[in-house]
Enquirer: 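Could you have a look at this structure, given as structure tokens, before my questions?
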Amino acid sequence: MKALKQAELQLWVYGGDILNHPNNPNYLLTKVVPSIEVANRLANPDIPKSVIVFEISELIKDYVTIEFDGNYNALVQTKWVRTAVRRTYVEADGTETSDTTVKYGIAFRGYGNIAEGINPELSKDLMISNTVINNKCGSFITAPFYTTSEDGVARVDYFQNQTQLDLNPPVGNISQFTIAQEVKIDSAVDDVITIDKTFSVTTSPDDSISTEEIPVDANRITYTDSSGVSRSIDIKCIDDCKYDAQKVSFINKFGVMQDMWFFAKRTDSMSSQRESYRSTKLDISNIASYKVSNHENSYLENQGKERFTMNTGFIHESYGEVVKELLVSEYVYMYDVNRFSPSGGYSNLAVPVSIASSNVDIKTRLNDKLIEYTLEFEADSDFIQSVR
Amino acid sequence: MAIDDIRKINVRSPYYITVEDEFEPDVPIPPDPEPPTEPVVSTTDLACGNSINYAAAVGVKKIRISTANRQYGDYTVTFSNITIPIKYRVYNEGTATGSYTTKGLSQYADEWLENTGEVLSGTAGTTPISASLTHTTNSGNNNGENLILEILAPMPISGTVVEITSCASEVVAPPPSTSGYVTVITLYNTANLTKWVSGLPQQASGTSAVTIKLNDVNITLPSAKINGGIRIICSDVTPDWIVDPTTLPYIGNKINASNLPVWANWTYSASGNNGQMTTVYVNESALTSSLNKLEVRTQADHQAQYKLLIASHPTSESGGVNKILTHNNSETVTGVQMTLNHTFGTDYSNGQLFNRNNIYLSDLNEALPTISSNIFNSPKYVSGEFFNDPQEGVQFNFSNARYFGI
């Protein structure tokens, strides 16, 4: 008869080659079953077995940081996780034996809600919540897919209505465990639509390579998982001739970068925060007089903060879920159209912002007829450099 | 080690690892395991010049190397970034024979022995090694079967790259003396070649902005003017082809302004606003029986429109050799054609920006030449800047509809 005495968890969180984890784990946790419980179990095999539970999400999260400058090819949003659990059993005579179980995972800064149960894995195909992609006509569009050889997306096809235009299966030297991040559509050249896909390299979520497909007039993406089940998502472009559409990228519920366009009105505002004291302008160096040109009000600080209010225009109803995810996103970016991302890729520079809106009514076609949202964003940094 | 189960972990939600006491005091005797079955190994097709990066792989991997449309000769496979030992061999598809070659670092000798029972004579050190394997096909060992490259990785490998670095030469296009046909590719301007200057098109004086290549051999477009063009004769000049003057005169200028060059004279000189039509010869030994690449490229600061006609002309003998090329015989000469619009331009003069069609032709010097694909690449304007896609381009429209009487 043996009883579980303790469990030791070694936890690695790392990037690069999944098979090339660091020698030393990032964390080493040990939990011991109370000795009285072990003794009772050894004495009576009929009593319930001991169970040890580790909660490791916060430990992993410290290492899953988003690195994004606007260039999807250089986007880092995942890390590999390796766990090795060593169980130690003890017998009545004190003899100890142990076994070790090693498991791998891929960590995202995603989350589930309570209805999705414990340890939620969420979607293993298209990693967005909207059921229609609204994008600015002629602009890039991104659609993150989870692609693995075991589960996830095994094939992506492009259609114009019922006509298949092209196919882009993630095969060849792109396989096993990848996150396909980018699908671009560019109709800058007449009515030709360009679709690019970027996959992470097989063993490294940090690196990426890209391939290109250009179906003509694609308005639907169909993706097929490894079990052969196919689903589709429509692409509907919106062109607001009055306003310049603004793109916002954010880490969504699934922990991957998602784009959302704000097609309608944008207003910018700025607030300032001042702290000052009254200083003397009395001059008694000769005869008493006032230095009338000196400031009497001296600032300890006069700092500013920029805010942006943007309206989505009329978009698909399913974007209600996206708005919810945007409200609770930790990483939100706008784009500086006058600067390129330093890592290249013909992308504009991503500028971090914070979501300032805290209350948003989620709209439905039943209640609201047409769906549009107005959200407020705040610059991530102060107007004047303040980090020392 | 094969990683066959990777869990998605969403770290903004709690993630629990539950460790259970799985010791069973009275373990029932397990039933006999199912007899092992031979695993099904899929075969991956790999074209000559392409590679596979086995970033994380274990077990048997099979790569099919096509011998279609190739002569007998050498096929060379190059392995790079080998650290963990592998075994490999090449055989004809359907006949798994031949001995393995083993390559790897000797530091894995103990694990290799444990996994395979074989003693490893590997390379010392930690630097990844490379290896190559050359397999020669001939009439004695290959009846046209494809080749299978079999890689055996008893231990998980990581980052090993397998590349088909060279293959036997492709079968060349048949000579007209065998097939009875010679293919003639005609490319001519349907508009004057223009250059963008300060946002306005101006007629170009030369054709240096235009690049024409057949199987990477440069061919010069003789004129920037409308109707100026080139007829590429897919056979050596030595027969000194004589164009059968059945219907039209083939010397001098175009018949009249309404005649399109492909239906008009075989060659003609520049006249007025029209450019000249000249000929060039490409030996059939430089052409394959399968795919031949015709590249037509125009710098993006120029604007051009071309017409392309690919036609096979029956040949006949004169003086004991095939040297009569039939032209304008509506009964027998057919061809396919397409229009190339190189109009997606910019006046930003950059040699890296271009409009380009890569047209792949097959069945040259046969009765019915065909277009297999037409890949178009043009500059795009994104985020305030023009650029050509780094990839070759995208499939563009083409048709193999036949035109008669050309």
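Residue numbering restarts at 1 for every chain, and letters A, B, ... go by the order of the sequence lines.
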Enquirer: Is it the backbone or the side chain of Y89(A) that comes under 4.5 Å from a heavy atom of chain B, or both, or neither?
Expert: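 The side chain, not the backbone.
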Enquirer: Give the minimum heavy-atom separation between N119(A) and P14(B), together with the two atoms involved.
Expert: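 Here N119(A) and P14(B) meet closest at OD1-O, 3.8 Å.
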Enquirer: Can you tell me which portion of T83(A) sits under 4.5 Å from chain B's heavy atoms? Options are side chain, backbone, both or neither.
Expert: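 Side chain only.
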Enquirer: Ignoring hydrogens and geometry, is there a side-chain-to-backbone donor-acceptor pair from E55(A) to Y15(B) under 3.5 Å?
Expert: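 Judged by distance alone, yes, a pair lies under 3.5 Å.
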Enquirer: Is it the case that over 12 heavy atoms from other parts of the model lie below 6.0 angstrom from the NZ atom of K103(B)?
Expert: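 No, because the 6.0 Å sphere around NZ of K103(B) holds 12 heavy atoms or fewer from other groups.
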Enquirer: Using non-hydrogen atoms and a 4.5 Å limit, figure out which bit of V81(A) sits close to chain B: side chain, backbone, both or neither.
Expert: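 Contact with chain B: side chain only.
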Enquirer: According to salt bridge (Lys or Arg N to Asp or Glu O under 4.0 Å), who are the partners of E121(A), at least two apart in sequence or on a separate chain?
Expert: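 In terms of salt bridge (Lys or Arg N to Asp or Glu O under 4.0 Å), with neighbours along the sequence ignored, E121(A) is linked to K124(A), R7(B).
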Enquirer: Which answer fits L9(A), side chain, backbone, both or neither, if we ask what part of it has an atom under 4.5 Å from a heavy atom of chain B?
Expert: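 For L9(A), side-chain heavy atoms alone lie under 4.5 Å from chain B.
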Enquirer: Is any side-chain N of the basic residue among E20(B) and R87(A) closer than 4.0 Å to the acidic one's carboxylate O?
Expert: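 Between R87(A) and E20(B) there is no salt bridge, as every charged N stays at least 4.0 Å from the carboxylate O atoms.
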Enquirer: Has K103(A) got more than 12 heavy atoms of other residues, nucleotides or ligands less than 6.0 Å from its NZ?
Expert: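 Incorrect, the count does not exceed 12.
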Enquirer: Tell me, side chain or backbone of I56(A) under 4.5 Å from chain B's heavy atoms, or both, or neither?
Expert: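 Both the backbone and the side chain of I56(A) come within 4.5 Å of chain B.
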Enquirer: For chain B, which candidate among V328(A), V33(A), D99(A), L59(A) shows the most heavy-atom pairs at distances under 4.5 Å?
Expert: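 Ranked by heavy-atom pairs under 4.5 Å with chain B, first place is V328(A).
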Enquirer: What option among T18(B), I9(B), D45(B), L46(B) has the most heavy-atom pairs under 4.5 Å with chain A?
Expert: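 Between T18(B), I9(B), D45(B), L46(B), the count favours I9(B).
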Enquirer: Is the backbone N or O of R12(B) less than 3.5 Å from a side-chain atom of S57(A), with the two atoms forming a donor-acceptor pair by type?
Expert: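 Checking the backbone N and O of R12(B) against the side chain of S57(A), no donor-acceptor pair under 3.5 Å is found.
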Enquirer: Under 3.5 Å, is there a donor-acceptor pair between the side chain of N10(B) and the main chain of G255(A)?
Expert: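 It does not hold such a pair.
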Enquirer: Once side-chain hydrogen bond (donor to acceptor under 3.5 Å, both in side chains) is applied, do any residues pair with E93(B), and if so which ones, sequence neighbours excluded?
Expert: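 For E93(B), the residues satisfying side-chain hydrogen bond (donor to acceptor under 3.5 Å, both in side chains) (neighbours in sequence not counted) are R64(B).
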Enquirer: Taking all non-hydrogen atoms of both residues into account, name the closest pair between V11(B) and R109(A) and its distance.
Expert: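 Here V11(B) and R109(A) meet closest at CG2-CA, 3.8 Å.
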Enquirer: Which one of K5(A), R41(A), K2(A) satisfies the side-chain contact (heavy atoms from CB on, under 4.5 Å) criterion with D21(B)?
Expert: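 The residue from K5(A), R41(A), K2(A) that satisfies side-chain contact (heavy atoms from CB on, under 4.5 Å) with D21(B) turns out to be R41(A).
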Enquirer: Quick one: which of I60(A), L122(A), N113(A) has the most heavy-atom pairs under 4.5 Å with chain B, could you say?
Expert: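 Ranked by contacts with chain B, first place is L122(A).
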Enquirer: Could you report the tightest heavy-atom contact between L4(A) and V19(B), atom names first, then the distance?
Expert: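 Shortest heavy-atom separation between L4(A) and V19(B) comes out as CD2-O, 4.3 Å.
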Enquirer: Checking E330(A) against chain B: side chain, backbone, both or neither under 4.5 Å from a heavy atom?
Expert: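 For E330(A), the contact with chain B is made by backbone and side chain together.
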